[in-house]
Amino acid sequence: MPELPEVETTVRGLAKFLDGARIERVTLNRPDLRRPFPQDLVQVMTGATITSLSRRAKYGLFHLDRDQSVIFHLGMSGRWRIDPEEPDKHDHMVVETAHNRFALCDPRRFGSVDMVATAELDAWGPFASLGPEPLGPDLTPAYLRAALKGKVQNIKLCLLDQRIIAGLGNIYVCEALWRSGIRPTKQGGKVTRPQLERLVPAIKEVLAASIRDGGSSLRDYAAPDGELGYFATRFDVYGRTGEPCHHNDGGMIKRIAQGGRSTWYCPVCQK
DNA sequence: AGTATCACCTGCTAGC
DNA sequence: TGCTAGCAGGTGATAC
């Protein structure tokens, strides 16, 4: 899924069509994704105008002219299909305007759709404990140093923790650690100050580069207008088991498991 | 509180 | 060709 850059790309793509649009019809093809769809979702959305769209962490938001916001998460395999020619068996929610049709397609159904009063978004459960946006001004080496202080958990899992930084996922954590020369198994609290000074810009750069390229292109992901991004061809470590490190230091990219998920890194330049 | 493990679900690929 | 095992972008509930 969609990590932060893919969600950002999706929201921007949807906004081209939906910003200011009136929702004519909403169809639910099943009762739930991870969670049940909100009881009054269809009723509130139908006839509402979308006044703006935004993103928080890996969540996309439609803000309605009814003091409510619809929040979607794409899970591992979700995407929005715009004006699909054929229905897909995993199109779980379909939103129609006068001019377009938008299908939320999610084969694994790890995604979610929620609806929350716009004024109460910050206090909404999943948002209440989120850390700072990595592309915003609040993610600094000083912040990260304080957030990681005393952490015995490895830095890879610390960076996946949405309470520390909101929006990083497996791909971009691996890439950012490679760019900053940090071993993923190092304890969070033991990452040095110079390493943090490199890590913060590395996170921002790798995310910004991916957004520039329109989000990564992986098996289950397509930008909402159907165009694929091409950042996937530029990963330095993710999925490159056994291939040479792009720093040409003689290292071969290694895959290990951390917290039940794969991590890729170079044993030579990441210390 | 912090940390570790597992569960959720479908689809694809590698290997036999 | 057909089967099975393993793995996939994330979160959140549970158990120490």
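So you know, we letter chains A, B, ... as the sequences are listed, proteins then strands, and number each from 1. Values reported hereafter were calculated over all heavy atoms of this structure, with side chains retained and with hydrogens, waters and symmetry mates removed. Being a predicted model, the structure only gives us computed values, none of them experimental.
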How would you label the contact of Ser112(A) with the nucleic acid (heavy atoms, under 4.0 Å): base, sugar-phosphate, or nothing?
nothing
Tell me if a side-chain donor or acceptor on His92(A) pairs with a main-chain N or O of Asp106(A) at a distance below 3.5 Å.
yes
Minimum-distance nucleotide to Arg261(A) side chain [options: dT11(C), dT3(B), dT10(B)]:
dT11(C)
Does the side chain of Arg22(A) come under 3.5 Å of the side chain of Thr49(A) through a donor N or O and an acceptor N or O?
no
Any donor-acceptor pair under 3.5 Å linking the side-chain atoms of His63(A) with those of Ser69(A)?
yes
Rounded to whole angstrom units, what separation is found between the CG atom of Asp106(A) and the P atom of dC9(B)?
12 Å
Given that both distances must come in under 3.5 Å, which nucleotide forms a Watson-Crick or G-U wobble pair with dT14(C)?
dA4(B)
Give the rounded distance in Å between these two atoms: CD of Gln162(A) and P of dT11(C).
4 Å
Rounding to a whole Å, what distance do you find between Lys149(A):NZ and dA1(B):C1'?
17 Å
Can you tell me if Phe110(A) is stacked onto the base of dC8(B), using a 5.5 Å centroid cut-off and an angle below 30°?
yes
Sugar-phosphate only, base, or nothing, as touched by Gly260(A) at under 4.0 Å among non-hydrogen atoms:
nothing
Verify the contact: side-chain N or O of Arg35(A) to OP1 or OP2 of dG12(C), cut-off strictly under 4.0 Å; return yes or no.
yes
